[in-house]
Amino acid sequence: MTKRRPLVAGNWKMNGSRTESAALLDGIKKGMSSASKAEVAVCPPYILIPLAAEKLVGSAVAWGGQNLSAHESGAYTGEISGPMLRDYGCTYVIVGHSERRTLYGENDAMVAEKYGAAQAVGLIPILCVGETLQEREVNRTEAVVARQLDVVLGKHGIGSFRNAVVAYEPVWAIGTGKTATPRQAQDVHRFIRSRLAARDKTVAESTRILYGGSMKGGNAGELLTQPDIDGGLIGGASLQAEEFLTICRAAD
Ligand code: PEP
């Protein structure tokens, strides 16, 4: 069985002044052990990416974007492209976060375009999938997650998952303080891996699948010991260095 290196990625969303972010970056950098088994990344707002690059260069912490344009350049006012993120040393970029899907109308096809645009410039997309509470209540969790994955698989193929990370984020658990139970999360993670394995077992075994949704220092341990949970995508708890570092240590 392939050993998957855990990944803990912080999604700062639209939070943080320059001063607060500098302190947060310093705190994370200082608290990270160079012997850490888990890989750690932060995804600040675009405008703070140069600061992250300046602070984190040469450290064990990677950085990435929260979104990107599907286009490389041109007349797309307000957008940021994959080549721009690469230019500032980003390793990762989140695509298809539920807030992008629900607040900004990103559908599966648009998410698949962005996934491809990221990989075209060597960024590793963190592809977010997950069901709403209503979908869970009518037993549509697997159908929704399968649809979200299949659009990307159909467009880019299973081979593309060698350079991608999947994040299972139940929408009802994001920013709500309600975490999926380890069992609920593991069941969906296993389903995602089996969906990938139906196309290629080796790729499925090596693809990291993160859990996201109100993960904190206090609940990370039991989630991260599930066999198909390979790390976390962390929102609120990534804004406090100590809390974030506790999750990183749990992933070790
Ligand atoms: C997220 O936004 O990806 C997330 C998981 O947020 P939170 O940890 O705050 O639920």
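Excluded from the calculations below are hydrogen atoms, water molecules and symmetry mates; all remaining heavy atoms, backbone and side chain alike, are included. We count ligands from 1, going down the list as the structure has it; atoms in each ligand are counted the same way.
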[atom1] of [X] to [atom2] of [Y]: how many Å apart, nearest 0.5 Å?
{"X": "Leu127", "Y": "Glu169", "atom1": "CG", "atom2": "CD", "value": "10.5 Å"}
{"X": "Ile94", "Y": "Lys114", "atom1": "CD1", "atom2": "NZ", "value": "12.0 Å"}
{"X": "Ile49", "Y": "Trp63", "atom1": "CD1", "atom2": "CH2", "value": "10.0 Å"}

State the atoms of ligand 1, each with its element, that fall below the 4.0 Å cut-off from a heavy-atom position in [X].
{"X": "His97", "value": "1 (C), 2 (O), 3 (O)"}
{"X": "Ile174", "value": "1 (C), 2 (O), 4 (C), 6 (O), 10 (O)"}
{"X": "Gly236", "value": "7 (P), 8 (O), 9 (O)"}
{"X": "Gly175", "value": "7 (P), 9 (O), 10 (O)"}
{"X": "Lys13", "value": "1 (C), 2 (O), 6 (O)"}
{"X": "Asn11", "value": "1 (C), 2 (O), 3 (O)"}
{"X": "Gly213", "value": "5 (C), 10 (O)"}

Is [X] near ligand 1, meaning one of its heavy atoms is under 4.0 Å from it?
{"X": "Ala173", "value": "yes"}
{"X": "Lys216", "value": "no"}
{"X": "Ser214", "value": "yes"}

State plainly whether the residues [X] and [Y] are in salt-bridge range, i.e. N to O under 4.0 Å.
{"X": "Arg249", "Y": "Glu242", "answer": "yes"}
{"X": "Arg4", "Y": "Glu205", "answer": "yes"}
{"X": "Asp26", "Y": "Lys29", "answer": "no"}

Identify which one of Arg193, Arg208, Arg5 satisfies the salt bridge (charged side-chain N to carboxylate O under 4.0 Å, His left out) criterion when paired with Asp230. Arg193

Assign the ring pair Tyr115 / Phe161 to parallel, tilted or perpendicular, where the plane angle (0 to 90°) is split at 30° and 60°. tilted

Ile234-ligand 1 polar pair, N/O distance under 3.5 Å: no

Is there at least one pair of N or O atoms, one from Ala237 and one from ligand 1, spaced under 3.5 Å apart? no

Please report which non-hydrogen protein atom sits nearest to atom 8 (O) of ligand 1, along with the residue it belongs to and the distance in Å to one decimal place. Gly235 N, 2.8 Å

Look at atom 3 (O) of ligand 1 and say which protein heavy atom is nearest, naming residue and atom and giving the distance to 0.1 Å. Glu169 OE2, 2.7 Å

When clusters are formed by joining ILVMFWY residues with side-chain heavy atoms under 4.5 Å apart, either directly or through shared neighbours, do Ile229 and Val188 land in the same one? yes

